[in-house]
J.: 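Here you go, one structure.
Counting starts at 1 for both ligands and their atoms, following the listed order. Note that the coordinates shown come from a computational prediction; the quantities given were computed from them, not determined experimentally. What's counted below: heavy atoms across the whole structure, side chains too, no hydrogens, waters or symmetry copies.
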Amino acid sequence: MYINGTWLTAQNKFTVTNPATSEVIGEAENGDRADAKAAIDAANNAFISWKKTTAYERSAILERAYSLMIDRREVLAELMTKEQGKPFKAAFNEVGYAADFFKWFAEEAKRNYGEIIPSARSDQRFLVRHEPVGVVAAITPWNYPISMITRKVAPALAAGCTVVLKPAEATPLCARAVFEILDDAGCPDGVVNMVTSLKPAPIGEEFCVNPLVKKLTFTGSTQVGKQLATLAASSMKRVSLELGGHAPFIVFDDADASHAAKGASLVKFLNAGQACISPNRIFVQRSIHDEFVGTLTKRIAKLRVGSGMNLKNNIGPLVNERAIKKVQNQVDDAINKGADLILGGQTMTNGDLKQGHFYAPTLLNNISTDMLIYTEETFGPVAAVIPFDEEDQVIDMANDTRYGLAAYVYTRDISRAMKIYEALNFGIIGVNDINPTSAAAPFGGMNQSGLGREGAREGMREYQETKLGGFSL
Ligand code: NAD
């Protein structure tokens, strides 16, 4: 644990295992509620001086954190592959994406402009400035174990807030590596604090009810996000939530079917499907359906499953056995209700794979609305195809979800692209684009996919209060 600028041990530790091999790769401190409270106290004390630093001082620390993360990119990527499972190349890319948040918010810190607003009264002046909210409590998931931390910490520090963070229990070593960088970059004592733990609930509760915490930012499941938001409401804390998704991937008949299938296979199987922006329902217009499914089948058949440390592998393990069971349950349900299984559909246990949590890249066709996979997030390597006929029909089906994070559309018709972009109730729309994310672009969902945005100018505003001054002359 890292509290008030010091690395601390807890009374107990927990082991961290490699999901590809089940080998123990390290241990982490099993912090408790008292540790969370100590971390909040440290962050609160540090806020008094940190909020008075200039944007240029905070920017310099974030720039150093960026350089250190880039210098350590390979080591961090290897650690991530061993702890979380994604292939080394994908982990390397994630570290780059994570570092971008330090860089972008180092720059944005200096552009924290206010406003002067004209008044209807000649003797009145309105002035607006953006001030840090105070202590920020952050909870992050395991699937993107480094970038989900920097996406919260970088804007919070840029805004002038101090932070206490609890990373996911599956990936505390990646979190520790990020905090080593923040320490080496020169963050003053107490400005960033981290408590690792095997028992998240008491720490989450302390984050939500402690009056010194002014803002809660959470990335994870919709279920836990709702619980935390409910708790945080008692003290009216500011809340940002990045939750689950159920992305539609829509392919119209004027699209290049092969190009769209290539895009679908790349984005669907990223991180073995364990991404909140992973396409969960692939809608394909009937006249190009066969060509699309043919190309998708060939591409999926070529995917190699195994340890991410073998550079030939494109698909790593799922996080644990619970995840495997959830995926299998959705696949079995779909097959029982009439879906066609084209590829995969089972766990992989041949050879070394039996040591890890591997699931075969799966393609299901003719998904119908009564199947679990039509309504539930999968978080696994299953591509589910649904043929459709009409544009209006697919808009209704795509929007037929309680989620609203990412959506993808393939069409070469500019008018249709604009119409669909406007009609979809999702926070992020990729139009012929499978990677609509960047530190510079607002990331977040509508409906039950969350509240608020991360990255971009919006991402810094999440950690600020807007203060109006009305001056009578
Ligand atoms: P999860 O909600 O179980 O865990 C996320 C984090 O919350 C972890 O740090 C965990 O320790 C903590 N947590 C769990 N229960 C808690 C409690 N009672 N109190 C306080 N903290 C608690 O989810 P997960 O299984 O780690 O992640 C998968 C989910 O996260 C998926 O649904 C996915 O869509 C979502 N996710 C969303 C985004 C996004 O940006 N929108 C990004 C990544 C993951």
J.: Please tabulate, one pair per line, all N/O donor-acceptor pairs under 3.5 Å involving side-chain atoms of residues 132-148, not counting sequence neighbours.
T.:
{"residue": "N143", "atom": "ND2", "partner": "Q274", "partner atom": "O", "Å": "3.2"}
{"residue": "S147", "atom": "OG", "partner": "E94", "partner atom": "OE2", "Å": "3.0"}

J.: Tell me, please: is K166 in heavy-atom contact with ligand 1, that is, under 4.0 Å?
T.: yes
J.: Heavy-atom count check: over 12 atoms from other residues, nucleotides or ligands less than 6.0 Å from D332 CG?
T.: yes
J.: With heavy atoms of L405 as the reference, note each atom of ligand 1 found under 4.0 Å away.
T.: 41 (N)
J.: Considering G220, S147, G445 one by one, which has a heavy atom nearer to atom 35 (C) of ligand 1 than any of the others?
T.: G220
J.: Is the NZ or CZ atom of K215 both under 6.0 Å from the centre of the six-membered ring of Y463 and within 45° of that ring's axis?
T.: yes
J.: For atom NZ of K37, decide whether the heavy atoms of other residues, nucleotides or ligands shown that lie under 6.0 angstrom number more than 12.
T.: no
J.: State the CZ-CD1 distance between F283 and I395, to the nearest 0.5 angstrom.
T.: 11.5 Å
J.: Within the 4.0 Å heavy-atom shell around Q227, which atoms of ligand 1 are there?
T.: 18 (N)
J.: Report, in ascending order of atom number, the atoms of ligand 1 lying under 4.0 Å from any heavy atom of R151.
T.: 40 (O)
J.: Using atom types as modelled and distance alone, determine if a side-chain donor or acceptor of Y421 lies under 3.5 Å from a backbone N or O of V409.
T.: no
J.: Any salt bridge between K13 and E29, counting N to O under 4.0 Å?
T.: yes
J.: Looking only at heavy atoms of H246, does any of them come nearer than 4.0 Å to an atom of ligand 1?
T.: no
J.: Please work out, at 4.0 Å between heavy atoms, whether the side chain, the backbone, both, or neither of L228 comes within that distance of ligand 1.
T.: side chain
J.: With heavy atoms under 4.0 Å as the rule, classify the contact between Q223 and ligand 1 as side chain, backbone, both or neither.
T.: neither
J.: Evaluating non-hydrogen atoms only, which member of M148, E169, E242 is closest to atom 10 (C) of ligand 1?
T.: E169
J.: Judged on heavy-atom distance to atom 5 (C) of ligand 1, which of V224, N271, T219 sits nearest?
T.: T219
J.: Which ligand 1 atoms are under 4.0 Å away from a heavy-atom of F379?
T.: 28 (C), 31 (C), 33 (C), 34 (O)
J.: Could you tell me how the ring of Y97 sits relative to the ring of F101: parallel (under 30°), tilted (30 to 60°) or perpendicular (over 60°)?
T.: perpendicular
J.: Heavy-atom count around R304 CZ within 6.0 Å, excluding the residue itself: above 12?
T.: yes
J.: Regarding atom 23 (O) of ligand 1: of the candidates G204, A175, S221, which has the closest heavy atom?
T.: S221
J.: Assess R151 against F443: is NZ or CZ under 6.0 Å from the centre of the six-membered ring, and within 45 degrees of the ring's axis?
T.: yes
J.: Can you list everything that forms a ring pair (Phe, Tyr, Trp, His ring centres under 6.0 Å) with F88? Sequence neighbours excluded, please.
T.: none
J.: Regarding atom 21 (N) of ligand 1: of the candidates S197, P200, A168, A323, which has the closest heavy atom?
T.: P200
J.: Examine R176 relative to Y2 and say whether NZ or CZ is less than 6.0 Å from the centre of the six-membered ring and inside a 45° cone about the ring axis.
T.: no
J.: How far is atom 32 (O) of ligand 1 from its nearest protein heavy atom, and which residue and atom is that?
T.: E377 OE1, 2.9 Å
J.: Please determine whether the number of non-hydrogen atoms from other residues, nucleotides or ligands lying under 6.0 Å from atom NZ of K326 exceeds 12.
T.: yes
J.: Considering only heavy atoms, which of F218, F443, W142 lies nearest to atom 7 (O) of ligand 1?
T.: F218
J.: Can you tell me if Y144 has a non-hydrogen atom under 4.0 Å from ligand 1?
T.: no
J.: Give the atom numbers and elements of ligand 1 that come within less than 4.0 Å of a heavy atom of N143.
T.: 43 (C), 44 (C)
J.: Just which atoms of ligand 1 are under 4.0 Å from any heavy atom in I139?
T.: 6 (C), 7 (O), 9 (O), 12 (C), 20 (C), 21 (N)
J.: Distance to 0.1 Å, residue and atom name: give those for the protein heavy atom nearest to atom 38 (C) of ligand 1.
T.: C276 SG, 2.9 Å
J.: Can you tell which part of E205 has a heavy atom less than 4.0 Å from ligand 1: side chain, backbone, both or neither?
T.: neither
J.: Out of L243, T140, L216, whose heavy atom is nearest to atom 9 (O) of ligand 1?
T.: T140
